[in-house]
**Q** 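Let me begin by handing over the structure; questions about it come next.
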Amino acid sequence: MSTPASASLADADPLLDGLNPQQRTAVLSRSAALLIVAGAGSGKTAVLTRRVARLIRDRELWPSQILAITFTNKAAAEMRERVELLVGREAAQGMWISTFHSACVRILRREAEQFGFGAAFTIYDSADSRALIKRLVKEMQADTLGFTVSAVAGKISRLKNELVDAEGYSRQLNPNDPTEVMFLELFRRYTAELRRANAFDFDDLIAQTVYLFRAFPKVAALYQRRFRHILIDEYQDTNHAQYALIRELTRPVEPVHVPVDTRVELDATGGIPAASLTVVGDSDQSIYAFRGADIRNIVEFERDFTGAEVVLLEQNYRSTQTILDAANAVIANNFDRIAKNLFTAVGAGDKIVGFTGYTQHDEAQFVADEIQKLHEAGTPYSQIAVFYRTNAQTRALEEIFIRSGLPYRVLGGTKFYERAEIKDLMAYLIAVANPADGLAMRRILNTPKRGIGPATETALANHADELGGTMHDALRDAAALGLGPKVTAAILDLAGLLDELADGVTTMLVPDVLTTIIERTNYLELLRGSRDPQDEARAENVEELVAVTRDFQKNNPEGRLVDFLTEVALVAAADDLDDSSGTVSLMTLHTAKGLEYDAVFITGVEENLLPHQMSAAEPGGPAEERRLFYVGITRARKVLHLSLAMTRSTFGDTTVASPSRYLQEIPTELIDWRDSPGMGARSSTRSLGSGRDGFRYSASLPPAGKPKTEWANRVTASVRDNGDLTLAVGDRIRHVDFGDGTVSAVTGVGPKSIAEVQFETAGRKRLLIKIAPLEKL
DNA sequence: GTTCCTAAACTTTTT
DNA sequence: GTTTAGGAAC
């Protein structure tokens with residue numbers, strides 16, 4: 001970061017060193033409300049951390065009086081690290097830096113008892129909510145009215161983000177509309193079930209904190225007094241509930257809630273003035289409207305917080321001018337925005353590389369080949385990222401990456417914690433921590449199989465109701481149900497295990513709780529002894545989970561079961577990003593927000609994918625998709641690749657794809673289009689619907705149904721296994737796709753060994769020997 | 001109560 | 001093409 005140094009006293013301050021005038025203003029402003037409009041790559045993290053560092057260093061307030069909200073846990077950790085680097089680890093102790101959800105969990109765990117919840121409440125993820133809603137829809141036979149689980153879940157979530165609870169909804173509904181009445185009943189029962197289970201869903205974490213503050217001004221005052229400076233990052237993606245939370249936290253404290261011994265400065269009436277608020281955002285990067293994010297929060301900030309100061313950061317320190325030109329050109333097509341132009345002093349840099357493949361496999365091969373070239377030219381794998389619109393697009397990429405021996409990791413997507421065996425064991429842990437959680441209890445009741453079927457489950461649930469207690473209470477009292485001796489014994493055994501663990505929950509280490517469960521239920525042994533070949537992988541996952549708990553305990557020696565469960569519930573896709581891993585990162589465009597890489601690939605830049613088909617119907621959909629593309633482009637520092645395929649297979653059948661409308665918005669001279677190597681002789685007619693140059697169009701598509709074997713980059717669907725085949729430098733081999741070649745190097749050991757092969761016609765490739773479709777000649 | 005087979009749904013993005 | 005849900009058979 002280099003800016004012309006102005007000769008002022010401030011230059012002596014290392015915390016202002018290297019900042020441009022706007023950035024300095026943003027660091028130094030002491031306005032009660034400050035909006036920093038930070039374009040992509042404009043050094044906003046540097047500004048935020050230095051602002052916080054100055055507050056602490058100059059003793060304007062204690063670290064514990066600072067609340068900073070970031071979008072992901074990873075961003076929070078990064079910010080803490082950078083502040084510690086500036087003022088020292090000791091001096092930074094006590095700051096709250098976290099996501100909205102983590103901060104609210106922290107508050108709720110402290111205050112839950114105030115309003116009828118227990119401190120060990122469970123956090124339901126979307127899958128848990130859906131499971132519960134599914135049961136309710138069934139019980140109510142709501143499906144006959146056309147209710148689907150996802151529609152109900154979506155509507156409840158939207159209402160909660162708007163701070164409308166079941167009672168609020170009942171006041172505004174039409175009592176003559178049976179579907180509205182039914183929905184209200186579902187909403188009511190869902191709310192009641194959560195309360196009974198001592199659980200909050202994701203949306204509750206925010207909404208219930210707001211309700212808590214509104215219902216208990218004394219509790220609210222506690223936090224209003226404590227936090228004197230509040231910073232919110234990615235403000236453009238806050239929803240109404242989050243906005244309301246900010247409003248609650250930035251209320252002045254009434255004199256009646258001011259303790260006599262307060263050291264805080266009082267206002268004229270004897271109260272404590274409102275906390276200062278700093279928000280950072282960029283409406284061009286708002287991509288979470290589907291989650292309730294309301295762009296008005298940032299647009300109307302100045303009106304909401306009177307006397308607010310606004311600082312604009314437009315200079316970009318990340319990307320080349322070529323990349324910025326493309327980004328500016330694309331985003332300029334969104335009409336309802338405040339004009340803003342990113343600029344840089346870096347220079348034009350390389351052209352954007354465009355590629356049109358025949359199929360998604362062809363496209364993936366291009367990506368893999370380009371990554372290999374970049375790597376050989378000195379770009380580390382960790383500085384390369386591949387983005388896509390939907391998670392389903394990873395498959396083709398992964399297939400090719402595995403076969404090319406490229407080290408990669410997928411961020412987000414089908415997560416570890418969504419696997420059945422992991423959910424099983426997590427359900428045990430939850431049942432131990434929160435005996436009221438019926439959902440977890442139902443899951444473990446017959447896992448592993450102990451002969452407790454649906455009939456017994458219902459009997460136990462009814463018994464719990466009769467006792468007026470939890471499922472756990474019913475289990476202990478199973479003898480009263482008059483079931484068979486075998487089933488009764490199994491139930492009592494489970495109840496005993498849970499009792500035993502619940503007794504030790506405050507003292508036992510988390511890995512010990514888990515291993516006790518695994519041993520007593522024989523979980524691992526059963527998987528090992530199974531003849532289902534997939535169970536071997538499941539057993540490995542179970543061991544991985546044990547390793548995760550050990551890791552957790554190592555990092556949090558004081559952490560107990562509830563802390564572990566909280567951490568697991570709130571980890572986001574981008575959070576487990578380990579920069580030191582030395583791998584290429586694959587992720588959705590949404591996950592890419594806030595990250596940056598030397599080389600970026602945006603794949604699947606096609607109509608119906610980017611913009612996505614589903615977005616067309618939504619108001620503001622195409623504009624939001626454009627912002628998504630903009631976010632993707634602006635992640636790149638040095639080189640950007642845009643690729644698409646002419647055909648794409650979804651659901652097993654192949655459809656013709658056409659280039660995204662957004663590609664036409666990038667000036668032609670910025671992109672260097674390359675041909676697909678699998679397409680044979682180049683055609684002279686290259687046109688796109690609009691007449692702009694740049695693409696091969698579908699005129700050259702083969703007739704439908706024609707086998708794809710004629711293309712050099714064809715990918716065989718099944719993964720083959722060459723067993724223990726070993727290759728040495730100089731060996732001649734024949735590859736199904738690439739033809740004959742000579743091995744020029746071999747790296748790696750055992751099943752992970754990779755051969756570098758110089759092919760006669762296809763060039764140099766790296767292949768995973770074990771599975772590449774090749775034979776030794 | 002458990003296991004196995006067929007059918008249908010599935011893909012937007014996530015804390 | 002894959003995964004999951006539901007039903008039939010044991």
Side-chain angles (χ1 to χ4, degrees), chain A residues 69-76 98-105 123-127 129 134 138 148-150 153-154 157 160-161 200-207 234 237-239 241-242 286-293 360 387-396 399 411-415 418-420 445-446 448-457 483-484 486-487 490 530-532 534 566 568-575 587-593 604 608-618 621 624-625 627-629 631-632 648-654 717-718:
Chain A
I69 299 290
T70 56
F71 200 69
T72 62
N73 292 298
K74 179 174 187 292
S98 70
T99 61
F100 271 110
H101 291 85
S102 299
C104 287
V105 168
I123 300 163
Y124 276 13
D125 65 19
S126 327
S129 304
K134 190 176 172 186
K138 212 173 208 170
T148 63
V149 174
S150 62
S157 172
K160 285 189 176 179
N161 285 333
F200 294 106
D201 66 22
F202 272 136
D203 304 312
D204 278 340
L205 296 177
I206 317 290
E234 309 284 8
D237 281 323
T238 50
N239 61 34
Q242 291 163 342
S286 161
I287 54 174
Y288 280 98
F290 73 92
R291 209 169 78 185
Q360 55 217 0
F387 303 154
Y388 36 80
R389 179 64 178 84
T390 68
N391 283 305
Q393 287 167 253
T394 50
R395 188 163 295 147
E399 242 170 57
L411 303 186
T414 313
K415 276 170 262 164
E418 284 167 14
R419 296 171 187 278
L445 217 44
N446 199 30
K449 309 244 181 301
R450 30 172 98 79
I452 306 173
T456 313
E457 183 187 312
L483 298 161
K486 240 171 135 178
V487 185
S530 153
R531 53 196 175 79
D532 184 341
Q534 287 201 312
T566 303
V568 169
L570 297 178
V571 287
D575 289 342
M587 71 193 84
T588 64
L589 285 162
H590 282 90
T591 305
K593 185 166 87 153
N608 296 332
L609 202 52
L610 187 69
H612 195 273
Q613 207 163 4
M614 292 296 198
S615 73
E618 288 158 30
E624 174 145 325
E625 297 282 306
R627 290 194 291 269
L628 197 50
F629 188 44
V631 166
R648 193 164 289 272
S649 319
T650 41
F651 292 126
D653 58 7
T654 306
S718 59

**Q** With rounding to whole Å, what would you report as the distance between B/dT11 and C/dG6 at their C1' atoms?
**A**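 Straight-line distance between the two C1' atoms is 22 Å.
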
**Q** Would you mind reading off the distance between A/Arg419 atom CZ and C/dT4 atom C1', rounded to a whole angstrom?
**A**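 About 16 Å, once rounded to whole Å.
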
**Q** Between the protein and nucleotides 1-4 of chain B, list every N/O to N/O distance that falls short of 3.5 Å.
**A**
residue, atom, partner, partner atom, Å
B/dG1, OP1, A/Gly453, N, 2.9
B/dG1, OP1, A/Thr456, OG1, 2.8
B/dT2, OP1, A/Gly451, N, 3.4
B/dT2, OP2, A/Asn446, ND2, 3.2
B/dC4, OP1, A/Arg531, NH2, 3.4

**Q** Taking the same atom, P, in B/dT13 and in C/dT4, what whole-Å distance lies between them?
**A**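 Here B/dT13 and C/dT4 have their P atoms 15 Å from each other.
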
**Q** Listed by chain and number, what are the side-chain contact (heavy atoms from CB on, under 4.5 Å) partners of A/Ala569, not counting sequence neighbours?
**A**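 Counting only residues at least two positions away or on another chain, A/Ala569 forms a side-chain contact (heavy atoms from CB on, under 4.5 Å) with A/Ile123.
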
**Q** List the atom of A/Gly292, the atom of A/Asn161, and the distance in Å for their closest heavy-atom pair.
**A**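 Between these two residues, the closest heavy atoms are CA-ND2, 4.5 Å.
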
**Q** Please identify each residue that fulfils side-chain hydrogen bond (donor to acceptor under 3.5 Å, both in side chains) with A/Ser157, with sequence neighbours left out.
**A**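 Scan of A/Ser157 (side-chain hydrogen bond (donor to acceptor under 3.5 Å, both in side chains), adjacent residues dropped) gives A/Asp203.
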
**Q** Tell me every residue that passes side-chain hydrogen bond (donor to acceptor under 3.5 Å, both in side chains) with A/Glu457, counting only those two or more places apart in sequence or in another chain.
**A**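 Checked A/Glu457 against side-chain hydrogen bond (donor to acceptor under 3.5 Å, both in side chains); matches are A/Arg442.
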
**Q** Would you please name every residue forming a salt bridge (Lys or Arg N to Asp or Glu O under 4.0 Å) with A/Asp204, sequence neighbours left out?
**A**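 Here the qualifying residues are A/Lys160.
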
**Q** Under the ring-ring contact (aromatic ring centres under 6.0 Å, His included) test, which residues partner A/Phe290, sequence neighbours left out?
**A**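 Residues passing ring-ring contact (aromatic ring centres under 6.0 Å, His included) with A/Phe290: A/Tyr288, A/His590.
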
**Q** Measure from CG on A/Asp201 to C1' on B/dT14 and round the result to the nearest Å.
**A**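 Taking CG of A/Asp201 and C1' of B/dT14, I get 14 Å after rounding.
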
**Q** Residues two or more places apart in sequence or in another chain: which of them pass side-chain hydrogen bond (donor to acceptor under 3.5 Å, both in side chains) with A/Thr238?
**A**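 Applying side-chain hydrogen bond (donor to acceptor under 3.5 Å, both in side chains) to A/Thr238 gives A/Asn297.
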
**Q** Output one letter per nucleotide in nucleotides 7-13 of chain B: B when a protein non-hydrogen atom lies under 4.0 Å from the base, S when only the sugar-phosphate is that close, - when neither is.
**A** ---BBBB

**Q** Could you tell me how far apart A/Tyr124 (OH) and B/dT15 (C1') are, to the nearest whole angstrom?
**A**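 Atom OH in A/Tyr124 sits about 18 Å away from atom C1' in B/dT15.
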
**Q** Could you work out, with ring-ring contact (aromatic ring centres under 6.0 Å, His included) as the rule, every residue matching A/His612, not counting sequence neighbours?
**A**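 Per chain and number, A/His612 pairs via ring-ring contact (aromatic ring centres under 6.0 Å, His included) with no residue.
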
**Q** Without decimals, in angstroms, what is the distance between A/Asp204 CG and B/dT15 P?
**A**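 Taking atom P of B/dT15 as the reference, CG of A/Asp204 is at 17 Å.
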
**Q** In chain order, what residues pass the ring-ring contact (aromatic ring centres under 6.0 Å, His included) check against A/Phe629, with sequence neighbours excluded?
**A**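 Checked A/Phe629 against ring-ring contact (aromatic ring centres under 6.0 Å, His included); matches are A/Tyr662.
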
**Q** What one-letter contact string describes nucleotides 5-10 of chain C from 5' to 3', where B marks a base within less than 4.0 Å of any protein heavy atom, S marks contact via sugar-phosphate atoms alone, and - marks no contact?
**A** S-----

**Q** Just the rounded figure in Å: distance from C1' of B/dT14 to CG of A/Leu411.
**A**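 Distance, rounded to whole Å: 14 Å.
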
**Q** Applying side-chain hydrogen bond (donor to acceptor under 3.5 Å, both in side chains), can you list everything that pairs with A/Glu625, at least two apart in sequence or on another chain?
**A**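 A/Glu625 satisfies side-chain hydrogen bond (donor to acceptor under 3.5 Å, both in side chains) with A/Arg389 only.
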
**Q** Write down the atom of A/Leu570, the atom of A/Leu205, and the distance for their closest heavy-atom approach.
**A**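 Smallest heavy-atom distance, with atoms named: CD2-CD1, 4.1 Å.
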
